[in-house]
Protein chains: 2
Amino acid sequence: MDRQRTDKNEETSAQGRPTLKTLAFMTGLGVTTVSRALKDAPEIGAETRRRVQLVAKQIGYRPNRAGVRLRTGRTNVISLVLNTDREIMSFVSDIIYGVSEVLAETPYHLIVTPYSRSQDPMEPIRYLVETGSADGVIISRTQPNDPRARYMLEHGMPFATHGRTDMGLVHPYHDFDNHAFAMEAVRRLASMGRRRLALLSPPPGLTYYGHTLNGFADALSEVDANEIPFNTVSIDHTIEQIRMRTAQVMRRDVRPDGFVSSAAAATLAIVAGIEDAGLKLGRDVDVVSKQSSDLLHLFRPELLVVNENFRLAGSDLARSVLGWIGGAAPGSLQSLVVASGVQALTQPLLA
Amino acid sequence: MDRQRTDKNEETSAQGRPTLKTLAFMTGLGVTTVSRALKDAPEIGAETRRRVQLVAKQIGYRPNRAGVRLRTGRTNVISLVLNTDREIMSFVSDIIYGVSEVLAETPYHLIVTPYSRSQDPMEPIRYLVETGSADGVIISRTQPNDPRARYMLEHGMPFATHGRTDMGLVHPYHDFDNHAFAMEAVRRLASMGRRRLALLSPPPGLTYYGHTLNGFADALSEVDANEIPFNTVSIDHTIEQIRMRTAQVMRRDVRPDGFVSSAAAATLAIVAGIEDAGLKLGRDVDVVSKQSSDLLHLFRPELLVVNENFRLAGSDLARSVLGWIGGAAPGSLQSLVVASGVQALTQPLLA
DNA sequence: TCAATATACTGAAACGTTACAGATGCCAAT
DNA sequence: ATTGGCATCTGTAACGTTTCAGTATATTGA
């Protein structure tokens, strides 16, 4: 009983999907030649090259990713490593969109590699490096001495960090200038006559915690205002925790008349806490907050805001990783975005 | 200029990473046997199986994804297809987290496949199917007659939709019962004496637009209240558009005394519009809104809310796709979440 | 006793790609 | 005529996996 269709190399009939062999048969060339013609190798005749590329486009040839990956080790994948419970919400989608935007023009796919509470942040990184599941990695929640960055550097895995490190190692990053943000915020509050300022900081441990604190402190001494300690909470705490702590502080005799908040969601909690204490935003106290989408003005028009663009961060990070993969010097792939300045949400006249 | 290590089949020394061949050498077996022992094939001796699996664990063997994919066509990838400019923010990250949570227990990776304005929503789907880049797909923004679902069904690509279709075709889905939501919202407003209700609906075209409208209409007739047309905007419009339109409507003689809003961000705009018109939430008008994270109560305690859990949606969708891939009947992988009921954000006594 | 059958294992081939090491033909320089 | 160089093309092997078609060895049935 002979087998129906051996189909071993029946060049003839409908394959599921064109491969190099299909193209080779159609053009009458060898698969090597076809492979080379498609990637503009120098030793292919101009005429042949054109013919192959034409046919390839005609029949909609797409290289098989598994084939390429198996042969070359190149995955055409960028991994975005995310903390599944700590990352602030809107943040993530914006970054993803920014990254996608850039990768869409390339053969790269974006995979999201999560890690969650109680997990070692190194674990997803080790996984990616050991299994070679990606050609490049993007991480966030960057620390001054970040073991993930060090590890990837040691193992030759291209990456970019959202936020800087401070280990004397050079690698691509995208960062928002939180030192400048904190300074501007303090200056603005001081210019409104506020002198007792509190800072709701990023979580200690992350690099921009330090940047923010330093900016805050630097500006304080510049404008001769005082800090009201508010460091038992950070933007990583729950809304409820921040709200209660704010209310508590606001009921003291010596209470803040100005807040600097590093995240929009936390700002909602601060304002709620202020009002819990029976005080009024804009009269008793002013708040400068970062925001990543333009919603705070709907909440309280008296708020002062600084915008941080996470979509830009995403596309910047993606470009940096691709650049490194493409052989650019990692030191040339760093960007620091300086705040656009503090904006009042309503004209003082209308207030 | 030394080549890495020729290492053709030097069984001896440190390969970059263990493969079946490594295991075969270590155990003294053939690679076929090793392959089978690892996947509990029946024709392998119990003792051998145990031995192989032990060694594999010891040296941290991980199957090479490219090898498996090339040989079997199985990608171990689930793709989440997202509209890059229309999707509401927080929404996306929650879904991603939900999906990740489920995939983390499996060998599956999550890839995010974006499409943007001006692009045919079918394009990413066709890409995924034609290139076989995923074993399963999750889509959102589902339409009653959804060409993407039809296409994937025709091409045997397992998928799950966020939201139902209405084509007489059976496939996995996860949906929030927006009919029930709208009914509950109207009932609640009616019970507070509100009789002139406006609905800020989902964008027309999506399936849950119809569900919401029907629920709204059904409850209206039940409680004998009236609809104030508000259908020139939807939650896909900008904050500014919704705000202006709300203000406009609220300045009329016959204006709504109740709103039902299908999205939290839009609710901010509605309230802003109400206040633009010089009216007061809770006195002149009440608003029932969906929300996916618990923030609206900070905005205005007078708001009434219904919670929709997108993280649950994500994990449900992931489980469904995996189930279908695993051979379960698509009809058995459908879930409809009914609203938890309208919640007042503050006790009436305190208000 | 011999064959049939089950058990436990194995080599070779194939998936689609790229790199290596040639082929082949042609032309200019010797 | 021979050599060398150049331009253009080609076959084979390998990446790591699974599947097909076996091969031994032991076990059973008559």
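First the proteins, then the strands, lettered A, B, ... as listed; each starts at 1.
- Minimum atom distance to the side chain of Leu70(A) is reached by dC15(D), of the listed dC15(D), dT10(D), dT10(C).
- For the residue pair Ser320(B) / His174(B), no side-chain donor-acceptor distance below 3.5 Å is found, with atom types taken as modelled.
- DNA chain C is contacted by both Val34(B) and Ser35(A); Val34(B) maps to the nucleotide lying nearer its 5′ end (nearest heavy atom per residue).
- Checked against dT8(D), dT17(D), dC15(D), the side chain of Glu43(A) finds its nearest nucleotide in dT8(D).
- Put simply, the residue from His171(B), Arg150(B), Arg148(B) that forms a side chain to side chain donor-acceptor pair (under 3.5 Å) with Thr165(B) is His171(B).
- One atom, CZ of Arg50(B), and another, P of dA8(C), lie 12 Å apart when rounded to the nearest Å.
- The six-membered or imidazole ring of His162(B) lies away from that of Tyr173(B), with a centre-to-centre distance of 6.0 Å or more.
- As judged by a 4.0 angstrom heavy-atom cut-off over every strand, Gly67(B) is placed among the base-contacting residues.
- Contacts of Thr72(B) with the nucleic acid, taken as non-hydrogen atoms under 4.0 Å apart, involve only primed sugar atoms and P, OP1 or OP2.
- One can place NZ of Lys39(A) at 8 Å from C1' of dT17(C), the figure rounded to the nearest angstrom.
- Nucleic acid contact for Gly28(B): sugar-phosphate only, since backbone atoms but no base atoms lie under 4.0 Å from a heavy atom of the residue.
- The distance from atom CG of Leu38(A) to atom P of dG16(C) is 15 Å, rounded to the nearest whole Å.
- The side chain of Tyr61(A) sits closest to dT17(C) out of dA19(C), dT17(C), dT18(C).
- Under 3.5 Å, the side chain of Thr33(A) and the base of dT8(D) form no donor-acceptor pair of N or O atoms.
- The separation between Ile44(A) atom CD1 and dC6(D) atom P is 18 Å, rounded to whole Å.
- The base of dA8(C) is not paired with the side chain of Thr48(B) by any donor and acceptor separated by under 3.5 Å.
- For Leu29(B) and dA8(C), the CG to P distance is 13 Å, given to the nearest whole Å.
- In this structure, of dT17(C), dC9(C), dT17(D), it is dT17(C) that holds the atom nearest to the side chain of Leu20(A).
- Atom pair Arg74(B):CZ and dG16(D):P shows a separation of 18 Å (rounding to whole Å applied).
- One donor-acceptor pair, N or O on each side, does fall under 3.5 Å between the base of dT10(D) and the side chain of Arg36(A).
- Using bins of under 30°, 30° to 60° and over 60° for the plane-to-plane angle, the ring pair Phe159(A)/Trp324(A) lands in the tilted bin.
- Regarding Phe25(A), its CZ atom lies at a distance of 19 Å from the C1' atom of dC9(D), rounded to whole Å.
- Atoms CG (Asp40(B)) and P (dA8(C)) sit 14 Å apart, rounded to a whole Å.
- For the side chain to side chain donor-acceptor pair (under 3.5 Å) with Arg164(B), the lone residue among Thr142(B), Asp175(B), Thr207(B) that qualifies is Asp175(B).
- Of all nucleotides listed (dT17(D), dT18(C), dG16(C)), dT17(D) comes nearest to the side chain of Asn64(B).
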